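It should be emphasised that the depicted structure is a prediction, and the values quoted were computed from it without experimental measurement.
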Amino acid sequence: MGTKVINLDETPVEIIAESIKAIADGVRKLRAGPLTDRALFLLIQHSAPMVRGRYIGISEIKRVFDGISSLEGEYLKKKVKP
C-alpha cells in the first residue's frame, strides 16, 4: 500500500476537517477499548520501526495521542445551531 501525498493548497477545507474528525474519533475509540493506554502504547512502540536503533519512547507516543485527541477542539469550530 503506497502513501498518498495530499497537497493542502488544493484540498477542500471540508475534507481536511472530516479527516481530522475521523482520526480523533478513531483515537477516542481505541482509548475506550479493552486495552489500557499503557498496553496500547507498548503495542504501538513494539510495532513501529526502530529509529536509530531505539524504540520510540512511550512518552512520545502518549504526546501524539494527546495531540490527536485535542485536534478536533483546537482546529475545528463546532457548528452552532441558530
(request) Any chance you could measure Arg31, atom CZ, to Ile68, atom CD1, to the nearest 0.5 Å? (result) 9.5 Å

(message) I'd like to know if Tyr55 and Ile58 are part of one continuous hydrophobic network [Ile/Leu/Val/Met/Phe/Trp/Tyr, side-chain heavy atoms within less than 4.5 Å].
(response) no

(request) Decide whether Ile61 and Met50 are clustered together by the hydrophobic rule: side chain heavy atoms of Ile, Leu, Val, Met, Phe, Trp, Tyr closer than 4.5 Å, transitively. (result) no

(message) If hydrophobic clusters are built by linking Ile, Leu, Val, Met, Phe, Trp and Tyr wherever their side-chain heavy atoms come under 4.5 Å apart, do Ile16 and Ile23 end up in the same one?
(response) no

(message) Do Phe65 and Leu40 have side chains that approach each other closer than 4.5 Å (heavy atoms only, starting at C-beta)?
(response) yes

(request) Find the distance between CG (Asp25) and CD1 (Ile20) and round it off to the nearest 0.5 Å. (result) 12.0 Å

(request) Report whether Val51 and Phe41 are members of the same hydrophobic cluster (ILVMFWY, side-chain heavy atoms less than 4.5 Å apart, transitive linking). (result) yes

(request) Could you tell me whether a side-chain N or O of Gln45 sits under 3.5 Å from a main-chain N or O of Ile56, the two making a donor and an acceptor? (result) yes

(request) Please confirm whether the backbone N or O of Leu71 pairs with a side-chain atom of Glu74, one donor and one acceptor, at under 3.5 Å? (result) no

(message) With a 4.0 Å cut-off on N to O distance, would you call Arg28 and Glu72 a salt bridge?
(response) yes

(message) Contact between Asp37 and Lys62 at the side-chain level, heavy atoms closer than 4.5 Å - yes or no?
(response) no

(request) Work out which heavy atom in Ser70 is nearest to a heavy atom in Gly67; give both atom names and the distance. (result) OG-O, 3.0 Å

